There are 2 protein chains.
Amino acid sequence: VKGSDLVILCAPVEIIPSLVKTISPALKEDCIVTDVGSTKETLCNECMEVIPEKVTFVGSHPMAGSEKSGLENATSNLFENRSCFITPIAEKTPAIEMVIRFWEALGMSCICVSPEEHDAIAAHISHLPHLLASVLCAYLSDKNHLWKSFAGTGLMDTTRIASGSPDIWDSIIRQNIAEIELSLEGFQKELKKLDSLIKNRDYEAIRSFLVKGKEFRDSL
Amino acid sequence: VKGSDLVILCAPVEIIPSLVKTISPALKEDCIVTDVGSTKETLCNECMEVIPEKVTFVGSHPMAGSEKSGLENATSNLFENRSCFITPIAEKTPAIEMVIRFWEALGMSCICVSPEEHDAIAAHISHLPHLLASVLCAYLSDKNHLWKSFAGTGLMDTTRIASGSPDIWDSIIRQNIAEIELSLEGFQKELKKLDSLIKNRDYEAIRSFLVKGKEFRDSL
């Protein structure tokens, strides 16, 4: 593996397996292929089916990015101090080590989980927050448009990711729909709890909710 | 009014009316008092009751701030290019003009609305986003705590405001509970719509949701 080629595929998640297939004839023996897709189970399974025998595929998902796309929005420190999922399917191999070293060299800390586990975690900490931002924006867009003039830093930050590309998010949602459904159900239950507290004017319990939320956020 | 004193009260919303009462004996004739509280109807009514006859009270709510508090977190450009609610109770008076000029001098654009209107708007564009961030954090804090290591920029931004002071937010919620209840009901209906689309695997309609959200966010 030392000195092996490392190929990093960056494309919408539904394209990556076909990209692997397309480049396969050109891949050298012992070459390592990884990707940066936001979903992993379907993607890794499909990639494993088409990857040549002497080539190793190891999935990655660097948790960094912005709502912007295009070369003109590139930043040199995008990956610094951020975390990266590594989702190997086989046992720990030198190929996995190499992928980890690559992301670490860009300033990331890597954590290995299975593709299935990745999808459950990503649904909760990335896909759910994205959908909540989208729903909040969709909800507010039906209100008086003059309200927009009052948008403060809080609204700007909580909704920033709703500006992300609908094409990219359409692909992510399609590939992780089951986990997203679960995370959304859980969130709605939690929201319903707060809703009841508000309806009951149970200010003590509402305050405990705020404290619990703050403790979590402060620990990130 | 030209040359009048302008007093700006910065304190938790439930304290402000009692502050007005406390400082009343020291206020000069023609003095103007404003505040920076995040709620307006209850607050302005209570302030109007205790304000001396020759002094004018005009409510303000500058839409700027952060989840941090304390002098050590002060920034000199906090108000630049942000908007500010002005919520006068009486007709347009020179006092209102003076309050507007003050915030404009700090780089803000001011919009006059009634205290009631303010509270409805603020519930939707500020208090609701805050509660959603708190609920998301409270929800995630019951999950595997290792998931936290994967927090990306999306989660960090959407939840930043959940770090706000529970004391300050407790006061805000108490003073605007009716409007918050309405905004939360509306949001839950919208979320339920998306939930149904997800359950039905209606990807076309989910995509329209994302597009609608993006259009709103891009217009902020």
Side-chain angles (χ1 to χ4, degrees), chain A residues 63-64 83 85 111 121 124-126 129-130 132-141 143 147-163 166 169-170 173-174 177 180-181 184 186-188 190-191 194-195 198 201 203 206-207 209-214 216-218 220, chain B residues 63-64 83 111 121 124-126 129-130 132-141 143 147-163 166 169-170 173-174 177 180-181 184 186-188 190-191 194-195 198-199 201 203 206-207 209-214 216-218 220:
Chain A
M63 293 300 285
S83 57
F85 288 96
I111 311 173
I121 302 173
H124 283 84
I125 66 163
S126 170
H130 191 97
L132 294 179
S134 296
V135 173
L136 180 56
C137 286
Y139 175 52
L140 294 178
S141 78
K143 302 284 170 190
W147 290 12
K148 287 197 281 193
S149 351
F150 297 106
T153 37
L155 184 67
M156 295 306 277
D157 283 3
T158 52
T159 58
R160 179 184 59 80
I161 51 178
S163 274
W169 280 91
D170 177 55
I173 292 166
R174 283 169 190 262
I177 193 81
I180 288 173
E181 188 178 339
L184 193 56
F187 177 83
Q188 284 179 108
E190 196 81 7
L191 191 59
L194 176 68
D195 185 59
I198 288 177
R201 307 294 191 254
Y203 295 112
I206 296 171
R207 199 181 179 287
F209 229 104
L210 298 176
V211 169
K212 188 177 175 187
K214 177 177 169 56
F216 177 82
R217 183 54 179 79
D218 288 347
L220 288 184
Chain B
M63 294 299 285
S83 56
I111 311 173
I121 302 174
H124 283 85
I125 67 165
S126 168
H130 191 97
L132 294 178
S134 296
V135 173
L136 180 56
C137 286
Y139 174 52
L140 294 178
S141 78
K143 303 285 169 186
W147 290 11
K148 286 196 283 192
S149 352
F150 296 106
T153 37
L155 183 67
M156 297 305 276
D157 284 2
T158 52
T159 58
R160 178 183 61 80
I161 50 178
S163 274
W169 280 91
D170 176 55
I173 292 166
R174 282 170 191 262
I177 193 78
I180 288 174
E181 188 178 341
L184 193 55
F187 178 82
Q188 284 179 108
E190 195 81 7
L191 192 58
L194 177 68
D195 186 59
I198 288 177
K199 286 197 165 38
R201 308 294 192 253
Y203 294 111
I206 296 171
R207 198 180 180 286
F209 230 102
L210 298 176
V211 169
K212 189 177 174 186
K214 177 177 169 56
F216 178 81
R217 183 56 179 80
D218 288 348
L220 288 183

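Each chain gets a letter, A, B and so on, in the order the sequences are listed, and its residues count up from 1. Since the structure is predicted, the reported quantities are computational estimates derived from the model, not experimental observations.
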(request) Verify the distance criterion only: is there a donor paired with an acceptor across the side chains of B:R217 and A:S163 at less than 3.5 Å? (result) no
(request) Report yes if the side chains of B:K214 and A:C137 come closer than 4.5 Å at any heavy-atom pair, otherwise no. (result) no
(request) Answer yes or no: is there a side-chain heavy-atom contact under 4.5 Å between A:M156 and B:M63? (result) no
(message) Do B:T158 and A:I161 have side chains that approach each other closer than 4.5 Å (heavy atoms only, starting at C-beta)?
(response) yes
(request) Mind checking side chain to side chain donor-acceptor pair (under 3.5 Å) for A:S126 and listing every partner two or more places apart, or none if nothing turns up? (result) none
(message) Are the side chains of A:L191 and B:L132 in contact, using a 4.5 Å heavy-atom criterion?
(response) yes
(message) Between A:S83 (side chain only) and B:S149 (backbone N and O only), is there a donor and an acceptor less than 3.5 Å apart?
(response) yes
(message) With heavy-atom distances below 4.5 Å as the criterion, would you say the side chains of B:R207 and A:R174 are in contact?
(response) no
(request) Identify, with sequence neighbours excluded, every residue that meets side chain to side chain donor-acceptor pair (under 3.5 Å) alongside A:K148. (result) B:S219
(request) State, yes or no, whether a side-chain contact exists between B:I198 and A:I180 at a heavy-atom distance under 4.5 Å. (result) yes
(request) For the residue pair B:P129 and A:T159, establish whether any side-chain heavy-atom pair is separated by less than 4.5 Å. (result) no
(message) Below 30° counts as parallel, above 60° as perpendicular, anything between as tilted: where do the rings of B:Y139 and A:F187 land?
(response) perpendicular
